[in-house]
Enquirer: 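First the structure, which I've put down as structure tokens, then a few questions once you've had a look.
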Amino acid sequence: MKVCVIGVGYVGLVTGVCLAEVGHNVICVDKEKSKISSLSEGVCPIYEIGLKELIKRNLNEKNITFTSNLTEAIKSQDIIFICVGTPPLPNGKPDLTALDDVSKLIGSCLNGYKIIVNKSTVPIGTAKRVKKIIKENAKEESNKNGSPIFDIVSNPEFLKEGEAVNDAFFPERIVIGSESQKAIEIMKQLYKPIINQDFDYAIKNSKNTRKKIPVIITDSTSSELIKYASNAFLATKISFINEVANICERVGANVVDVTYGMGLDSRIGSKYLKAGIGWGGSCFPKDVRALAFTAEEYGAVASILNAVIQVNNYQRYRIIQKAMDILGIIEDKIIGVLGIAFKPDTDDTREAPSITIINKFLELGAEVKAYDPVIKKCPEEMDDKVIIAKDVYEAVKNADLLILVTEWPEFSDIDFNKVKSEMKRPNIIDGRNMLDKKQLTEIGFNYRGIGI
Ligand code: NAD
């Protein structure tokens with residue numbers, strides 16, 4: 001089938017490449033020309049395991065092309081995926097400027113029946129908004145036989161950065177929300193190889209016995225809400241356990257044992273039940289805020305959502321409080337930070353906890369040296385007084401305190417005897433409860449975790 005993907009960020013690029021891999025003809029478009037020219041040469045602009053190889057293979061086999069010519073790409077394809085960003089405005093409402101611009105262009109480019117698939121995470125009612133904009137910009141509303149010239153589908157994306165390729169090939173569910181039966185049937189056809197798990201990559205790489213992927217067919221509004229409610233629920237689980245971790249610290253319990261005991265209950269489950277610095281990234285913060293905003297807009301009370309956000313903001317400041325407990329005055333202290341990305345296996349720093357934490361220490365007059373295995377320059381929102389270290393040992397040199405912010409797997413292999421000898425004072429705050437408390441204490445570290 002002929003697919004156009006608009007916006008080749010984390011979602012669009014992975015979607016386009018995976019649809020090409022399962023046998024579709026895909027054109028990916030983006031307004032950022034530099035991104036398109038590197039992709040055309042097989043250079044992947046983001047860090048995502050397995051993606052680079054898939055781009056190269058599908059480029060060579062001519063299943064995928066990259067272009068900045070939006071008009072031509074839309075005109076030549078039948079199924080148009082919108083994957084542009086929907087960043088938050090200061091009031092929590094998502095900014096739909098890119099989505100509106102793309103919808104106007106799609107309207108003006110309609111030259112035969114097309115399905116417009118919204119994969120971006122968008123407020124409830126956006127499918128109807130996109131439909132209205134396309135209609136306003138289309139030369140005609142229907143074909144000569146009276147059938148619509150386009151249909152809208154809401155098809156939210158659930159991939160996790162760091163595991164995006166795997167999530168796209170082996171999703172836990174596919175949600176298709178539309179008011180058009182014709183569009184639903186075409187979408188089922190498009191996803192058939194993934195639903196049936198009978199494409200080559202699945203046959204070679206599936207870790208599980210291959211079974212059909214569940215497909216949820218619903219209306220567009222419910223589909224949009226499935227996405228928001230899913231992210232809000234996951235964020236709630238994390239904020240809940242962080243609140244429990246803080247209770248653990250007061251009463252002398254161990255949150256790791258508490259979560260293990262809770263997680264074995266299949267009604268609760270252990271995933272997303274890990275105490276730490278809290279959630280960040282490009283999705284949870286904006287999606288929880290957006291759902292709370294929608295609730296208030298429609299006169300529903302969002303008490304849980306607002307509390308979830310509050311607990312998460314507080315959790316970052318718990319790190320500052322712990323540092324103050326250890327160091328007293330922060331001014332002129334040297335702090336080493338491990339991890340800048342919002343989570344491991346990604347280069348994404350949007351709303352990363354490292355930004356709030358590092359900026360606060362710099363504001364308090366500390367010198368901060370941060371190391372991340374993938375991020376090698378200061379993110380835009382971070383105070384550029386931060387020193388980006390070339391390795392762990394440079395980050396900890398003469399430090400009064402070391403803080404682990406992102407649980408990159410390679411941090412398990414650090415030589416902590418060497419770290420101790422480099423530091424001025426052996427203080428560690430393990431913001432992800434990742435390190436071995438017993439071992440570090442034996443080496444002579446003053447170890448503080450979260451809720452342990
Ligand atoms: P991104 O910022 O990485 O990518 C968006 C891309 O769209 C950029 O490359 C940008 O240049 C392009 N773009 C913007 N306006 C354009 C226009 N007018 N024409 C052509 N291209 C344009 O964003 P992302 O992380 O891929 O997220 C996209 C959407 O998917 C968001 O709504 C997000 O909430 C949602 N989502 C993201 C994830 C994730 O983990 N990143 C997961 C699920 C859903």
Side-chain angles (χ1 to χ4, degrees), residues 4-18 27-39 44-49 51 66-74 80-89 92-109 117-124 126-127 130 133 154-168 171-175 223-224 226-228 230-232 234-235 279-291 341-352 380:
C4 167
V5 176
I6 307 178
V8 285
Y10 290 86
V11 166
L13 185 55
V14 172
T15 302
V17 171
C18 292
I27 302 182
C28 288
V29 225
D30 203 284
K31 62 173 189 184
E32 256 187 59
K33 292 203 167 90
S34 58
K35 225 179 214 183
I36 293 299
S37 52
S38 9
L39 279 164
C44 183
I46 56 171
Y47 179 83
E48 195 59 65
I49 294 163
L51 190 58
F66 297 96
T67 174
S68 331
N69 191 334
L70 262 89
T71 310
E72 282 309 309
I74 296 166
I80 318 294
F81 276 81
I82 304 178
C83 301
V84 296
T86 48
L89 292 166
K93 212 177 165 176
D95 182 351
L96 298 181
T97 312
L99 189 109
D100 289 352
D101 288 350
V102 164
S103 306
K104 280 181 205 155
L105 190 71
I106 294 174
S108 67
C109 291
V117 187
N118 194 11
K119 222 178 212 327
S120 298
T121 305
V122 287
I124 319 304
T126 301
V130 169
I133 298 175
S154 159
N155 172 222
E157 179 54 60
F158 299 97
L159 65 77
K160 303 180 287 299
E161 285 179 26
E163 298 169 55
V165 170
N166 196 62
D167 289 344
E172 289 183 315
R173 77 289 212 192
I174 293 173
V175 177
S223 168
E224 290 163 349
I226 288 172
K227 173 65 192 175
Y228 270 148
S230 301
N231 272 2
L234 293 173
W279 37 272
S282 66
C283 293
F284 282 11
K286 107 176 146 53
D287 295 351
V288 182
R289 283 201 296 266
L291 187 56
F342 88 92
K343 67 174 192 173
D345 294 325
T346 181
D347 58 352
D348 201 341
T349 58
R350 288 175 282 185
E351 302 215 30
E380 230 171 74

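Order of appearance sets the numbers: ligands from 1, and atoms from 1 within every ligand.
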Enquirer: Indicate yes or no: does an N/O atom of C283 lie under 3.5 Å from an N/O atom of ligand 1?
Expert: no

Enquirer: Please determine if D30 has a nitrogen or oxygen closer than 3.5 Å to a nitrogen or oxygen of ligand 1.
Expert: yes

Enquirer: So which atom in A290 and which in P94 form the shortest heavy-atom distance, rounded to 0.1 Å?
Expert: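 Closest heavy-atom pair between A290 and P94: CB-CG, 3.8 Å.
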
Enquirer: If every non-hydrogen atom of L105 is compared with every non-hydrogen atom of S108, which pair is closest and at what distance?
Expert: O-OG, 2.8 Å

Enquirer: Where does I6 meet ligand 1, judged by heavy-atom distances below 4.0 Å: at the side chain, the backbone, both, or neither?
Expert: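 Contact part for I6 vs ligand 1: side chain (C-beta onward).
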
Enquirer: Checking a contact table here: which protein heavy atom is nearest atom 18 (N) of ligand 1, and how many Å away?
Expert: V102 CG2, 3.6 Å

Enquirer: Can you list the atoms of ligand 1 that are under 4.0 Å from a heavy atom of E32?
Expert: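 Near E32, the atoms of ligand 1 are 11 (O).
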
Enquirer: Would you say K35 and ligand 1 have an N/O pair spaced under 3.5 Å apart?
Expert: yes

Enquirer: As an exercise, state the distance from CZ of R350 to SG of C283, rounded to the nearest 0.5 Å.
Expert: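 So the gap between those two atoms works out to 7.0 Å.
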
Enquirer: Show me which atoms of ligand 1 lie under 4.0 Å from any heavy atom of K227.
Expert: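 This gives 43 (C) as the contact atoms.
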
Enquirer: Note the single closest protein heavy atom to atom 5 (C) of ligand 1, along with its residue, its atom name and the distance in Å.
Expert: G85 N, 3.6 Å

Enquirer: Distance to 0.1 Å, residue and atom name: give those for the protein heavy atom nearest to atom 4 (O) of ligand 1.
Expert: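 So the nearest neighbour among protein heavy atoms is G9 CA, 3.2 Å.
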
Enquirer: For ligand 1, which is the ligand I care about here, please tell me if D287 has any N or O atom under 3.5 Å from one of the ligand's N or O atoms.
Expert: no

Enquirer: Give me the atom names and distance for the closest heavy-atom approach of T86 to S120.
Expert: CG2-CB, 4.1 Å

Enquirer: Write out the residue and atom name of the closest protein heavy atom to atom 21 (N) of ligand 1, then the distance separating them to 0.1 Å.
Expert: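 Among all protein heavy atoms, the one nearest atom 21 (N) of ligand 1 is K31 N, 3.3 Å.
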
Enquirer: Indicate yes or no: does an N/O atom of E157 lie under 3.5 Å from an N/O atom of ligand 1?
Expert: no

Enquirer: Do side-chain atoms of N155 reach the backbone of V175 as a donor and acceptor pair under 3.5 angstrom?
Expert: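 The answer is yes, because a donor-acceptor pair under 3.5 Å joins these two groups.
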
Enquirer: Between K343 and ligand 1, which residue portion shows a heavy-atom distance shorter than 4.0 Å: side chain, backbone, both, or neither?
Expert: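 For K343, there is no contact with ligand 1 at all, from either part.
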
Enquirer: Going by heavy atoms, is R350 under 4.0 Å from ligand 1?
Expert: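 Right, R350 reaches ligand 1.
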
Enquirer: Shortest non-hydrogen contact from A164 to V14?
Expert: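 Residues A164 and V14, closest heavy atoms: O-CG1, 3.7 Å.
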
Enquirer: Report yes if some heavy atom in the side chain of V165 is under 4.5 Å from a heavy atom in the side chain of I49; otherwise report no.
Expert: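 Of all side-chain heavy-atom pairs linking I49 with V165, none is under 4.5 Å.
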
Enquirer: Under 4.0 Å, heavy-atom basis, I'd like to know which part of T121 is in contact with ligand 1: side chain, backbone, both or neither.
Expert: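 T121 to ligand 1: contacts from backbone and side chain alike.
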
Enquirer: So which heavy atom in the protein is nearest atom 30 (O) of ligand 1, and how far is it from that ligand atom?
Expert: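 I find the closest protein heavy atom is V11 CG2, 3.5 Å.
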
Enquirer: Checking side chain to side chain contact (heavy atoms under 4.5 Å, CB included) for the pair Y228/T121: CA distance, chi angles, key distance, verdict?
Expert: CA-CA 8 Å; Y228 270 148; T121 305; 3.6 Å; yes

Enquirer: In the protein, which heavy atom is nearest to atom 7 (O) of ligand 1, and how far is it?
Expert: G7 CA, 3.4 Å

Enquirer: Would you check whether T86 has a nitrogen or oxygen atom less than 3.5 angstrom from a nitrogen or oxygen atom of ligand 1?
Expert: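 By distance alone, the answer is yes.
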
Enquirer: Does K227 reach the main-chain N or O of E157 with its side chain, forming a donor-acceptor pair under 3.5 Å?
Expert: yes

Enquirer: Using a 4.0 Å heavy-atom cut-off, say whether C83 meets ligand 1 through its side chain, its backbone, both or neither.
Expert: backbone

Enquirer: Nearest heavy-atom pair of I226 and S230: which atoms, and what distance?
Expert: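 Here I226 and S230 meet closest at O-OG, 2.6 Å.
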
Enquirer: State the atoms of ligand 1, each with its element, that fall below the 4.0 Å cut-off from a heavy-atom position in S282.
Expert: 41 (N)

Enquirer: Please determine, by modelled atom types, if T97 and D95 share a side-chain donor-acceptor pair under 3.5 angstrom.
Expert: yes

Enquirer: So if I count the atoms of ligand 1 from 1 in the order they appear, which ones are less than 4.0 Å from some heavy atom of A98?
Expert: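 Near A98, the atoms of ligand 1 are 15 (N).
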
Enquirer: Specify the protein heavy atom at minimum distance from atom 41 (N) of ligand 1: its residue, its atom name, and the distance to 0.1 Å.
Expert: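 I find the closest protein heavy atom is E161 OE2, 2.7 Å.
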
Enquirer: Working to the nearest 0.5 angstrom, can you tell me the gap between K160 NZ and E48 CD?
Expert: 10.5 Å

Enquirer: Donor-acceptor pair, distance only, cut-off 3.5 Å: does the side chain of S154 make one with the backbone of A127?
Expert: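 Judged by distance alone, no pair lies under 3.5 Å.
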
Enquirer: What residue among L13, D30, V17 forms side-chain contact (heavy atoms from CB on, under 4.5 Å) with L39?
Expert: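 It is L13, the one option of L13, D30, V17 that forms the side-chain contact (heavy atoms from CB on, under 4.5 Å) with L39.
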
Enquirer: Return yes or no for this condition: an N or O of K286 is under 3.5 Å from an N or O of ligand 1.
Expert: yes

Enquirer: How far is atom 29 (C) of ligand 1 from its nearest protein heavy atom, and which residue and atom is that?
Expert: V84 O, 3.4 Å

